[in-house]
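Comments concern the structure below.
Order of appearance sets the numbers: ligands from 1, and atoms from 1 within every ligand.
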Amino acid sequence: MRYFTNVHDLGNLKDALKEAFEIKSNRFGYQELGKNKTLMMIFFNSSLRTRLSTQKAAMNLGMNVMVLDINQGAWKLETERGVIMDGDKPEHLLEAIPVMGCYCDIIGVRSFAKFENKEDDYQEKILNQFIQYSGRPVFSMEAATRHPLQSFADLITIEEYKTKEKPKVVLTWAPHPRPLPQAVANSFSEWMNATDYEFVITHPKGYELAPEFVGNAKVEYNQKKAFDGADFIYAKNWSAYTDPNYGKVINTDRSWTVDSEKMALTNNAFFMHCLPVRRNMIVSDDVIESSQSIVIPEAANREISAQVVLKRILESL
Ligand SMILES: CCC[C@H](NC(=O)CCC(=O)O)C(=O)O
Ligand SMILES: NC(=O)OP(=O)(O)O
């Protein structure tokens with residue numbers, strides 16, 4: 001595997017899950033693979049889990065790791081071609097990318113949607129320049145439209161906790177004060193649609209995700225109906241996708257916050273969220289602190305999803 005940007009790059013999901021569970025019980029068993037190999041992690045946006053879990057996964061595999069926060073310490077980067085660079089950006093992405101590629105064997109990139117140009121975001125303009133110009137294998141640490149390391153960890157977690165072969169999984173929108181990317185919701189939907197789970201997406205009107213991510217999911221505008229009989233509740237905020245509201249907050253209705261009254265409608269569902277989470281906006285304190293909340297094991301599985309991906313890329317070098 002040379003690139004990891006979406007669910008299809010992993011191939012057969014059952015095989016990937018088998019490999020994940022094997023690694024989880026033997027995470028230091030492949031240190032020769034990463035010996036004298038360097039991972040470079042490039043962040044255009046903040047991170048805790050991705051930053052720490054991916055570094056840990058690389059160290060488990062015997063790799064060296066370098067981390068670069070583009071907006072702290074590195075030169076501000078011009079990303080538009082043809083621009084006269086007489087402003088506050090001394091370096092162009094088209095030099096910086098191949099230079100970074102000189103110093104490592106594998107590159108991870110985090111570059112959120114900017115909401116300035118929907119086409120640029122949904123064509124993954126930044127991530128694809130790293131793929132095109134770095135000369136190295138590249139994986140996404142959350143790009144404009146997907147967060148595959150998160151979604152793979154989410155799938156591992158559901159497989160660990162499910163009590164039936166085909167659980168009912170509900171992705172629910174919840175309110176947030178800022179315009180957040182659709183990436184986590186898109187990606188979770190893409191991965192859930194690749195399983196044989198019963199998958200439902202619930203959100204207010206106006207928050208429809210792009211059709212290519214909704215796929216065959218059932219869309220239910222009534223959150224309480226969606227929660228009925230659910231085995232897993234996956235909460236996430238996202239900003240509007242459909243024009244003319246792309247990247248906008250069009251609803252902050254706190255009746256969509258996941259609370260214990262709503263969780264009581266479910267089949268004693270587990271609560272999931274990728275974190276970081278805005279308590280009492282997305283979810284009430286008592287729900288995220290309840291015995292049904294699996295957000296910490298979910299975050300712990302980020303080390304495993306990253307290690308499967310890095311191991312497969314190392315094996316292809
Ligand atoms: C893994 C999630 C990363 C990001 N989350 C945020 O940017 C949260 C920022 C905030 O709550 O102000 C998102 O929603 O895509
Ligand atoms: N879930 C996740 O990717 O967290 P960070 O943004 O903290 O990396």
Any donor-acceptor N/O pair, Asp69 side chain to Gln72 backbone, under 3.5 Å: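 Not at all, since once roles are kept as given, no pair shorter than 3.5 Å links the two residues.
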
Main-chain N/O of Ala210 paired to Tyr122 side chain as donor or acceptor, under 3.5 Å: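 Side chain of Tyr122 to backbone of Ala210: no pair is present.
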
Determine, using heavy atoms of [X] and all atoms of ligand 1, whether some pair is separated by less than 4.0 Å.
X	value
Lys236	yes
Pro181	yes
Phe112	yes
Arg49	no

Nearest candidate to atom 1 (N) of ligand 2, where distance is taken over non-hydrogen atoms, out of Ser46, Cys274, Ala153: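 Residue with the shortest heavy-atom distance to the ligand atom: Cys274.
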
Heavy-atom proximity to atom 6 (O) of ligand 2, best of Arg110, Glu142, Arg49: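 It is Arg110 whose heavy atom sits nearest to atom 6 (O) of ligand 2.
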
Donor-acceptor pair between Tyr246 and Asp121 side chains, under 3.5 angstrom: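 Asp121 and Tyr246 do have a side-chain donor-acceptor pair below 3.5 Å.
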
Polar side chain donor-acceptor pair, Gln292 to Tyr161, under 3.5 angstrom: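 No.
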
Give me the residue, atom name and distance of the protein heavy atom closest to [atom].
atom	answer
atom 6 (C) of ligand 1	Leu180 CD2, 3.8 Å
atom 9 (C) of ligand 1	Arg178 NH1, 3.3 Å
atom 7 (O) of ligand 2	Leu48 N, 2.7 Å
atom 2 (C) of ligand 1	Glu142 OE1, 3.7 Å

Is any side-chain N of the basic residue among [X] and [Y] closer than 4.0 Å to the acidic one's carboxylate O?
X	Y	value
Asp88	Lys76	yes
Arg279	Glu289	yes
Glu22	Lys18	no

Can you sort out which atoms of ligand 2 are near [X], meaning under 4.0 Å from one of its heavy atoms?
X	value
Leu275	1 (N), 2 (C), 4 (O)
Gln150	1 (N), 2 (C), 3 (O)
His147	2 (C), 3 (O)

Nitrogen or oxygen of Asn237 less than 3.5 angstrom from that of ligand 1: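 No: no nitrogen or oxygen of Asn237 is under 3.5 Å from one in ligand 1.
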
Below a 4.0 angstrom heavy-atom separation, can you tell me which part of [X], side chain or backbone, both or neither, approaches ligand 2?
X	value
Arg302	side chain
Met141	neither
Val184	neither

Ring-face cation of Lys118 near Tyr241 (centre distance under 6.0 Å, axis angle within 45°):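 The answer is yes, since Lys118 meets both limits relative to Tyr241.
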
Distance under 6.0 Å and angle within 45° of ring axis: Arg51 vs Phe43: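 Judged by the rule, Arg51 and Phe43 form a cation-pi pair.
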
Side chain, backbone, both or neither: the part of Arg278 lying under 4.0 Å from ligand 1 by heavy atom: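 The answer is the side chain of Arg278.
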
Output field: ring centroids His273/Tyr234 closer than 6.0 Å: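 Ring-ring flag for His273/Tyr234: false, centres at least 6.0 Å apart.
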
Candidate list Lys24, Gln150, Glu159, test side chain to side chain donor-acceptor pair (under 3.5 Å), partner Asn301, passing option: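 Of the listed residues Lys24, Gln150, Glu159, the side chain to side chain donor-acceptor pair (under 3.5 Å) partner of Asn301 is Lys24.
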
Working for side chain to side chain donor-acceptor pair (under 3.5 Å), residues Arg110 and Thr50: CA-CA 9 Å; Arg110 166 166 283 197; Thr50 305; 2.9 Å; yes

For Leu275, the ligand 1 atoms whose distance to one of its heavy atoms is below 4.0 Å: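 Matching atoms, with element in brackets: 1 (C).
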
Under-4.0 Å protein heavy-atom contact, atom 11 (O) of ligand 1: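 Yes; the ligand atom in question has protein heavy-atom contact below 4.0 Å.
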
